[in-house]
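Throughout, residue positions are numbered sequentially from 1 according to the sequence presented.
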Amino acid sequence: MTVESVKPQTPPRAASELCEPPLAGGGVPLLGHGWKMVRDPLAFMAGLRDHGDVVRLKLGPKTVYAVTAPELTGALALSTDFEIAGPLWESLEGLLGKEGVATANGPRHRRQRRTIQPAFRLDAIPGYGPIMEEEAHAVAERWKPGETIDCTSESFRIAVRIAARCLLRGAYMDERADRLCAALDTLFRGMYRRMVIPLGPLYNLPLPANRTFNRALADFHLLVDEIVAQRRASGQKPDDLLTALLEARDENGDPIGEQEIHDQVVAILTAGAETVASTIMWLLHVLAEHPEHADKVCAEVESVTGGRPVAFEDVRRLGHTNNVVVEAMRLRPAIWILTRRAVTDTSLGGYRIPAGSDIVYSPYAVQRDPKSYARHLEFDPDRWHPERVKDVPKHAMSPFGVGNRKCPSDHFSMAMLTLLTAALATTYRFEQVPGSNDATRVGITLHPHELLLRPVPRH
């Protein structure tokens, strides 16, 4: 899936012709629309398209602009009039810091992208193939027929092990995976609340929820310091992302600072643990809820491999399996909400956007928009066949982002997710067990509340 530049369809309007976007209804005193964002955020964001392509919201005392049309979310992501900032990134700063590639802007961001990009080049991905294969087949072997699989912990474990072994070359991550999973679960739920109800100093009070959040934050950052310190102490320099960071230089040719190294590792682990794990959970849900597509994946893999274990080099030939992954990400994107900030007086869709304004948009809402997709709520991997994909509007599907903020690990992640889906679907059928709750749990990312599956051997 490629992303092209957005070209204006009509000449830009003069400033005097611009108008203010409509205000969404349903706000309440003090909290504004924040209460709806807490109560049912997915439905709220999806419903904004009915009120216009750009809509004003009130989150606490702040006015925020919501962008709902795919062509405008693409323009927003590609325009230099907007930067990474706003409620989402402010809520994430305690976790991601201000010096990592996820939150940096301008020259710092460009330099950081150059530092990490070699690890994710297309010609570098096959080098990770043996690790991806080993981990995918290890999962299938570790799970036992008839046992109950806690998909949350297992998905985190898979994602962390692959990220660590490929990008940080650290077997020592095994012992820290449980700490990482527990800390991130607490942090992402807490940061979402802080984003939609920005109560500022109240989050510094010694309340139980704040203490729990702060303990998780401290443990996560301690974990990252341990990873960096252990690599330094080992004296080893494997060809991986952590070595690249430890040897990177800034604009003056000096080694980059410890805080930047720390924040970069945080960004790597966060992406590897939270967003990829969320996607793995939804893929397991797909295999259980859509056995007809699981069977089709199995048949495709066996036709490609002739019955041998699926390998990394098979991935490019697994068209339907890839489409299952893409369709799962369309309906359940890990990152369902994003924010930007206007750095100058500008416009979107003919509406005035003042400098300093925060803008929010939802990939979840855009990717389920009935104006963009026929049978928009139906799980239909075949919509990504070449003859049908041309019907999907530009920027109506962007699971890895757009422009210079596009996730650098898109090819890495797609290869890993396709290989994992193929390995699991050819080994097991899956069914939910009593006590499983596959309702969507909303935080900074989306994942099932508590998905419990039983694997049933295929052969």
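- Side-chain N or O atoms of N322 include none that pairs as donor or acceptor with a backbone N or O of G319 at under 3.5 Å.
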Handout entry: Pair E147-R142, side chain to side chain contact (heavy atoms under 4.5 Å, CB included): steps then yes or no
Key = CA-CA 11 Å; E147 73 175 1; R142 186 173 73 251; over 6 Å; no
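- Within the model, atoms CG of N210 and CG of N214 stand 6.5 Å from one another, a figure rounded to the nearest 0.5 Å.
- Closest heavy-atom contact between L453 and L284: CD1-O, 3.6 Å.
- A salt bridge links R429 with D295: the distance from a Lys NZ or Arg NE/NH1/NH2 to an Asp or Glu carboxylate oxygen falls below 4.0 Å.
- For R330 and F379, the positive end is not near the middle of the six-membered ring at less than 6.0 Å and at most 45° from its axis.
- Side-chain N or O atoms of T73 include one that pairs as donor or acceptor with a backbone N or O of P70 at under 3.5 Å.
- The environment of K371 atom NZ is dense: over 12 non-hydrogen atoms of other residues, nucleotides or ligands sit within 6.0 angstrom.
- The distance from atom OG1 of T68 to atom OH of Y361, rounded to the nearest 0.5 Å, is 13.0 Å.
- Results of the side-chain contact (heavy atoms from CB on, under 4.5 Å) test with V265 over V224, D225, L241 single out V224 as the only residue that passes.
- Using cut-offs of 30° and 60° on the angle between ring planes, the pair H320 and H293 is parallel.
- Counting heavy atoms from C-beta outward, R340 and E83 have side chains that stay 4.5 Å or more apart.
- Remark: side-chain polar atoms of T243 are paired, donor with acceptor, to backbone N or O of P238 under 3.5 angstrom.
- One N or O on the side chain of Y428 and one on the backbone of W143 form a donor-acceptor pair closer than 3.5 Å.
- Salt bridge present: R383 and E327 bring a charged side-chain N and a carboxylate O closer than 4.0 Å.
- In this structure, S436 contributes its side chain and L452 its backbone to a donor-acceptor pair below 3.5 Å.
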Handout entry: Intermediate values then yes/no, side chain to side chain contact (heavy atoms under 4.5 Å, CB included), K237 and L242
Key = CA-CA 9 Å; K237 296 184 178 181; L242 185 50; over 6 Å; no
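- E450 and R441 are not joined by a salt bridge, as no carboxylate oxygen comes within less than 4.0 angstrom of a charged side-chain nitrogen.
- A 4.5 Å side-chain heavy-atom check between Y373 and R368 finds every atom pair outside the cut-off.
- Looking at every heavy atom in both residues, A422 comes nearest to V301 through CB-CG2, 3.6 Å.
- No side-chain donor-acceptor contact under 3.5 Å links Y65 to the backbone of L57.
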Handout entry: Candidate pair H395 and V366, rule side chain to side chain contact (heavy atoms under 4.5 Å, CB included), full reasoning
Key = CA-CA 9 Å; H395 304 305; V366 170; over 6 Å; no
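- Ion pairing between R165 and D240 fails under the 4.0 Å rule for side-chain N and carboxylate O.
- When every heavy atom of P126 is checked against every heavy atom of F312, the shortest pair comes out as CA-CE2, 3.5 Å.
- With sequence neighbours left out, the side chain to side chain contact (heavy atoms under 4.5 Å, CB included) criterion links R215 to R211, T212.
- Salt-bridge formation is detected for the pair E135/R161: a Lys NZ or Arg NE/NH1/NH2 atom is positioned less than 4.0 Å from an Asp or Glu carboxylate oxygen.
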Practice task
Test R317 against E300 for salt bridge (charged side-chain N to carboxylate O under 4.0 Å, His left out), laying out the working first.
Solution key: CA-CA 9 Å; R317 299 171 60 194; E300 178 181 64; over 6 Å; no
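- Under the 4.5 Å side-chain criterion, counting only non-hydrogen atoms from C-beta, T427 is not in contact with P457.
- Using a 4.0 Å cut-off between charged nitrogen and carboxylate oxygen, R157 and D150 do not count as a salt-bridge pair.
- Nearest heavy atom pair, residue N437 against residue A439, reads OD1-N, 3.1 Å.
- In the model, R332 has a side-chain atom that pairs as donor or acceptor with a side-chain atom of T440 under 3.5 Å.
- Between R388 and D382, none of the side-chain N atoms (NZ, or NE/NH1/NH2) sits under 4.0 Å from a carboxylate O, so this pair counts as no salt bridge.
- Residues H33 and A24 share a closest heavy-atom pair of NE2-O, 2.9 Å.
- Remark: the backbone N or O of F400 is not paired with any side-chain donor or acceptor of S398 at under 3.5 angstrom.
- Taking both residues in full, the closest heavy atoms of A334 and T279 are given as CB-OG1, 4.0 Å, listed atom of the first, atom of the second, then distance.
- When atom types are taken as modelled, the side chain of T418 and the backbone of A415 share no donor-acceptor pair closer than 3.5 angstrom.
- For the atom pair SG (C151) and CZ (F430), the distance works out to 8.0 Å, reported to the nearest 0.5 Å.
- Checked against M414 for a side-chain contact (heavy atoms from CB on, under 4.5 Å), the options V326, V315, I125 give a single hit: V326.
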Practice task
Test R454 against Q432 for side chain to side chain contact (heavy atoms under 4.5 Å, CB included), laying out the working first.
Solution key: CA-CA 6 Å; R454 178 185 296 117; Q432 291 199 57; over 6 Å; no
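- Distance check: F213 CZ to L207 CG gives 13.5 Å after rounding to the nearest 0.5 Å.
- Taking CD1 of I335 as the start and OG of S278 as the end, the distance is 7.5 Å to the nearest 0.5 Å.
- Note that CH2 of W336 and CG of L446 are 7.0 Å apart. Values are rounded to the nearest 0.5 Å.
- The closest donor-acceptor contact from the side chain of H262 to the backbone of G257 lies at 3.5 Å or more, if one exists at all.
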